[in-house]
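Written below as structure tokens is the structure these notes are about.
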2 protein chains.
Amino acid sequence: MDTFSAIVEPKRRLLLEAMRRQPCTVNTLVEIAGLSQPAVSKHLKILKEANLVVVRPDGQKRWYALNAQPLEEVDHFLEPYRQFLSNKLDRLEQHLNEMDQ
Amino acid sequence: MDTFSAIVEPKRRLLLEAMRRQPCTVNTLVEIAGLSQPAVSKHLKILKEANLVVVRPDGQKRWYALNAQPLEEVDHFLEPYRQFLSNKLDRLEQHLNEMDQ
DNA sequence: GGGATATATAACCATATAGATATATTTCTG
DNA sequence: CAGAAATATATCTATATGGTTATATATCCC
């Protein structure tokens, strides 16, 4: 599963958002997502295959934690489009580009 | 069609990449994508619904041009994850955040 | 050991998606 | 006006996706 496919699903983005704050167990994420436990486990499997989460077993619990590194791929995709955007980061980068010249 | 769904499809990212350089006609994009013409028209329809392209009719031709603005949504999604990344932009932003304090 | 708890997997279903081919529509050109 | 060219739409098909319920597996606790 590639990064783009992994983050296109709104519930998975929600799960990532939750784990951004702190590692979570499956049951916690079930409550947050409002889905059945198997559905959440399925999403987590996809996130794990995309390397967006890492798991630490702890007895019968599993702590799922964010690994944001693959999101760099998305960031790199956006890169060449930033010149068409007008947000803060874009202006920052433009400034940097000007400095580079 | 939301922005994420629009850009998850690799062929659509390829089409966006082509239009990033210059507006293109459908036939040109057919050659670039290596798909049937109806398939490309379908992708373009999706990109148009996502507001990622704009069309300018020109006789029997249609010039499709990039509109990168909706990509800001993706950029905003990435925003809170940047602190977990380690690329150039991230360091830039951290620098900015430090300045803000 | 045995029941409760936490999670994963299997099986199934409905819907969405991406592609193809066939055809319609519009515009150009001789 | 007639045929060619450019694009859009209709229809169909195969596969992927996201959800469910049922069940398996592993661990905790009395």
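All values below come from the heavy atoms of this structure, side chains included, with hydrogens, waters and symmetry mates left out. The chains referred to below are lettered A, B, ... by the order of the sequence lines, with proteins before strands, and numbering in each begins at 1.
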Nearest-nucleotide pick for Tyr64(A), side chain only, options being dA6(C), dA10(D), dA8(C): dA8(C)
Minimum-distance nucleotide (side-chain atoms of Ser41(A) versus dT20(D), dG19(D), dT7(C)): dT7(C)
Whole-Å distance separating the CE atom of Met1(A) from the C1' atom of dT15(D): 14 Å
Given DNA chain D, 5'-ward residue of the pair Lys61(A) and Ser5(A), judged by closest heavy atom: Ser5(A)
Donor/acceptor link under 3.5 angstrom from Gln60(A) side chain onto base of dA26(D): no
For atom CG of Asp2(B) and atom P of dA16(C), their distance in whole Å: 14 Å
Euclidean distance, atom CG of residue Asp58(B) to atom P of dA5(D) [Å, nearest integer]: 18 Å
Value rounded to 0.5 Å, distance of CZ in Arg21(B) from CG in Leu66(B): 11.5 Å
Pro70(B): which of Ile7(B), Asn51(B), Asp2(B) passes side chain to side chain contact (heavy atoms under 4.5 Å, CB included): Asn51(B)
Nucleotide dA24(C), atom P - distance to CD of Gln37(B) in whole Å: 15 Å
Worked verdict on Phe77(B) versus Phe4(B) for ring pair (Phe, Tyr, Trp, His ring centres under 6.0 Å): CA-CA 10 Å; Phe77(B) 161 77; Phe4(B) 282 95; 5.4 Å; yes
Separation of dC28(D) P from Asn27(A) CG (nearest whole Å): 15 Å
Upstream residue (5' side of DNA chain C) when Ile46(B) and Arg62(A) are each assigned their closest nucleotide: Arg62(A)
Separation of atom CG in Leu35(B) from atom P in dT17(C), rounded to whole Å: 17 Å
Nucleotide nearest Lys11(A) when distance is taken to its side chain, options dG19(D), dT21(C), dA18(C): dG19(D)
Interatomic distance where CG belongs to Leu15(A) and P belongs to dG18(D) [whole Å]: 12 Å
Test item: Arg12(B) side-chain N/O and Ala6(B) main-chain N/O as donor-acceptor pair under 3.5 Å: yes
Any N/O donor-acceptor pair, Lys42(A) side-chain to dG19(D) base, under 3.5 Å: yes
Ser36(B) vs dA20(C): side-chain N/O to OP1/OP2 distance below 4.0 Å: yes
Backbone N/O of Arg62(A) and side chain of Arg56(A): donor-acceptor pair under 3.5 Å: no
Minimum-distance nucleotide to Glu9(B) side chain [options: dT7(C), dA18(C), dG19(D)]: dA18(C)
Between dT17(C) (P) and Phe4(B) (CZ): distance, integer Å: 16 Å
His43(A) side-chain N/O to dT17(D) phosphate OP1/OP2 under 4.0 Å: no
Sugar-phosphate only, base, or nothing, as touched by Ala39(B) at under 4.0 Å among non-hydrogen atoms: sugar-phosphate
